[in-house]
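Read through the structure below, which is laid out as structure tokens, and then see the notes.
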Amino acid sequence: MIQVIHRALDIMENVAKGPVGPKLLSHIANDLQLNQATCANIVKTLLQRNYLKRADGAKGYLLGDKLNEIINQPYMYKNLIEIADVEMDAISKNLNEDSLLVVLNGENRKIIYNKTCDLLVKVTPPEIKKAYDSSSGRMLLSLLSENELLKFVELYGLPPASIWKGANTYKTLLKKLELIRSAGYIIIEDSVQVVGVSAAIYNKSKVVASLSIYLPAFRFSEAMRKRMINMAIQVSYKISARLENSDFQIPYKSSSKPLLQKV
């Protein structure tokens, strides 16, 4: 066994376990019974490699973005994409609109698969977009545990009113997310350019991704609204059901435990 590798992994696990917020070097060293100088040297290397990062405006360390980059590589989702592609055909055939598979990647939602329609005029979504500013990102945030959401807000702050009106305090954010979780889907139709609806995909009761259907606002109507919602729910359910019988394993730790209504 290479002791320094074990210590580096122990340090990352210690930071990840909390409590919510940055972890002081002295606390890491004490928890792991490490010499503080030894601990500091390992932390320095983890910082250089972006496995840890310094907290903004506070002392201590948080997990870096490198872990998210690794776990959100497309090959990690190969089986999920293969299963989803078959079921997403129903969206193409019935609506002839584009659909996406999305995961959380730090403060963003990241596209891992995009199934496009054959219409001339369509939306080209960015691969990376703030989770607060998308239907798929909000869907995934609504299914975080309270501790996961607290960590998310600690790291990335609350959504400004310009991005998500009425969700710029922790209390109002919780209420918005509770409504999404209770409904089982979210549709954002206040944009003058794009309308999107999203529903969650599960594997063995764990949220693994979000399915989204989106289209230019000029093609949106009340009839299309109902069809999009029904299709998103049906297809996400079918993908989840097939995942239950596959060997796909969630590549990161997540939880669908309901949020506690605390401020």
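Summarising the geometry, atom CZ belonging to R138 is positioned 6.5 Å from atom CG belonging to D133; distances are rounded to the nearest 0.5 Å. Note that SG of C39 and CG of L25 are 4.5 Å apart. Values are rounded to the nearest 0.5 Å. The CG atom of L95 lies 5.5 Å from the CE atom of M224; values are rounded to the nearest 0.5 Å. Annotation: the span from H6 atom NE2 to E13 atom CD amounts to 10.5 Å, rounded to 0.5 Å. Interatomic distance, CG of L100 versus CD1 of I111, reported as 4.5 Å (0.5 Å rounding). The distance from the CG atom of N14 to the CG atom of L9 is 12.5 Å, given to the nearest 0.5 Å.
V4 is linked by a side-chain contact (heavy atoms from CB on, under 4.5 Å) to I2, I42, counting only residues two or more places apart in sequence or in another chain. Take T172 and apply the side-chain hydrogen bond (donor to acceptor under 3.5 Å, both in side chains) test, not counting sequence neighbours, and it matches T169. Scored by the side-chain hydrogen bond (donor to acceptor under 3.5 Å, both in side chains) test, N41 finds no partners at all (sequence neighbours excluded). For S182, the side-chain hydrogen bond (donor to acceptor under 3.5 Å, both in side chains) criterion is met by E178, not counting sequence neighbours. With sequence neighbours left out, the salt bridge (charged side-chain N to carboxylate O under 4.0 Å, His left out) criterion links E82 to K78. Partners of N230 by side-chain contact (heavy atoms from CB on, under 4.5 Å), not counting sequence neighbours, listed by chain and number: Q234. Evaluation of the side-chain contact (heavy atoms from CB on, under 4.5 Å) rule for Y132 yields L141, F152, V153, P159, I163, W164, L173 as partners, not counting sequence neighbours. Partners of S236 under the side-chain contact (heavy atoms from CB on, under 4.5 Å) rule, at least two apart in sequence or in another chain, are A199, I201, L211. In this structure S198 satisfies the side-chain hydrogen bond (donor to acceptor under 3.5 Å, both in side chains) test together with S135, S212, sequence neighbours excluded. A search for salt bridge (charged side-chain N to carboxylate O under 4.0 Å, His left out) contacts involving K130 returns E107, not counting sequence neighbours.
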List the steps and the verdict of side-chain contact (heavy atoms from CB on, under 4.5 Å) for L62 and L52. CA-CA 6 Å; L62 299 162; L52 291 181; over 6 Å; no
Applying side-chain contact (heavy atoms from CB on, under 4.5 Å), run through Y202 and L143 and close with a yes or a no. CA-CA 11 Å; Y202 296 82; L143 294 164; 3.4 Å; yes
For K122 and C117, what are the C-alpha separation, side-chain angles and deciding distance, and is it a side-chain contact (heavy atoms from CB on, under 4.5 Å)? CA-CA 8 Å; K122 53 188 176 181; C117 65; 4.0 Å; yes
Passes side-chain contact (heavy atoms from CB on, under 4.5 Å), L80 versus I239? Steps please. CA-CA 8 Å; L80 167 61; I239 295 170; 4.1 Å; yes
Derivation and outcome, side-chain hydrogen bond (donor to acceptor under 3.5 Å, both in side chains), residues N96 and D118: CA-CA 7 Å; N96 198 23; D118 58 8; 3.0 Å; yes
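Here the closest non-hydrogen pair linking R109 and P125 is NH2-CB, 4.2 Å. Nearest approach of L101 to A84, heavy atoms of both residues: CD1-CB, 3.5 Å. In plain terms, the two heavy atoms of V123 and D98 that are nearest each other are O-OD2, 3.7 Å. Looking at every heavy atom in both residues, V102 comes nearest to I112 through N-CG1, 4.5 Å. Listed here is the closest heavy atom pair of S205 and E244: N-OE2, 3.7 Å. S142 approaches R181 most closely through the heavy-atom pair O-NH1, 2.9 Å.
I81 is connected to V235 through a chain of hydrophobic side-chain contacts under 4.5 Å among Ile, Leu, Val, Met, Phe, Trp and Tyr, so both are in one cluster. Linking Ile, Leu, Val, Met, Phe, Trp and Tyr whenever their side-chain heavy atoms come within less than 4.5 Å leaves L179 and M139 in two separate clusters. In this structure, L155 is a member of the same hydrophobic cluster as L158, with clusters built from ILVMFWY side-chain heavy atoms closer than 4.5 Å.
Taking a cutoff of 4.0 Å between a charged side-chain nitrogen and a carboxylate oxygen, D31 and K23 qualify as a salt bridge.
No side-chain donor-acceptor contact under 3.5 Å links N105 to the backbone of N108. Between the R54 side chain and the Y61 main chain, no donor and acceptor come within less than 3.5 Å of each other. A donor-acceptor pair under 3.5 Å is absent between the side-chain atoms of R7 and the main chain of L32, judged by distance alone. Judged by distance alone, with hydrogens and angles left aside, the side-chain atoms of K129 form no donor-acceptor pair with the main-chain N or O of K110 at under 3.5 Å.
Within a 6.0 Å radius of NZ in K238, no more than 12 heavy atoms belonging to other residues, nucleotides or ligands are found. Summarising the local packing, CZ of F220 is surrounded by more than 12 heavy atoms from other residues, nucleotides or ligands at distances under 6.0 Å.
At a threshold of 4.5 Å between non-hydrogen side-chain atoms, the residues Y170 and L150 count as touching.
With hydrogens and angles left out, the side-chain atoms of T45 and Q48 include no donor and acceptor closer than 3.5 Å.
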Under 3.5 Å, side-chain donor or acceptor atoms of residues 86-94 against the rest of the protein: list the pairs with distances, not counting sequence neighbours.
from : atom 1 : to   : atom 2 : distance (Å)
E87  : OE2    : R242 : NH1    : 3.4
D89  : OD1    : K115 : NZ     : 2.9
N94  : ND2    : A90  : O      : 2.7

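Within the structure, salt bridge (charged side-chain N to carboxylate O under 4.0 Å, His left out) contacts touching residues 207-226 (residues at least two apart or in different chains) are E97-R219, E189-R225.
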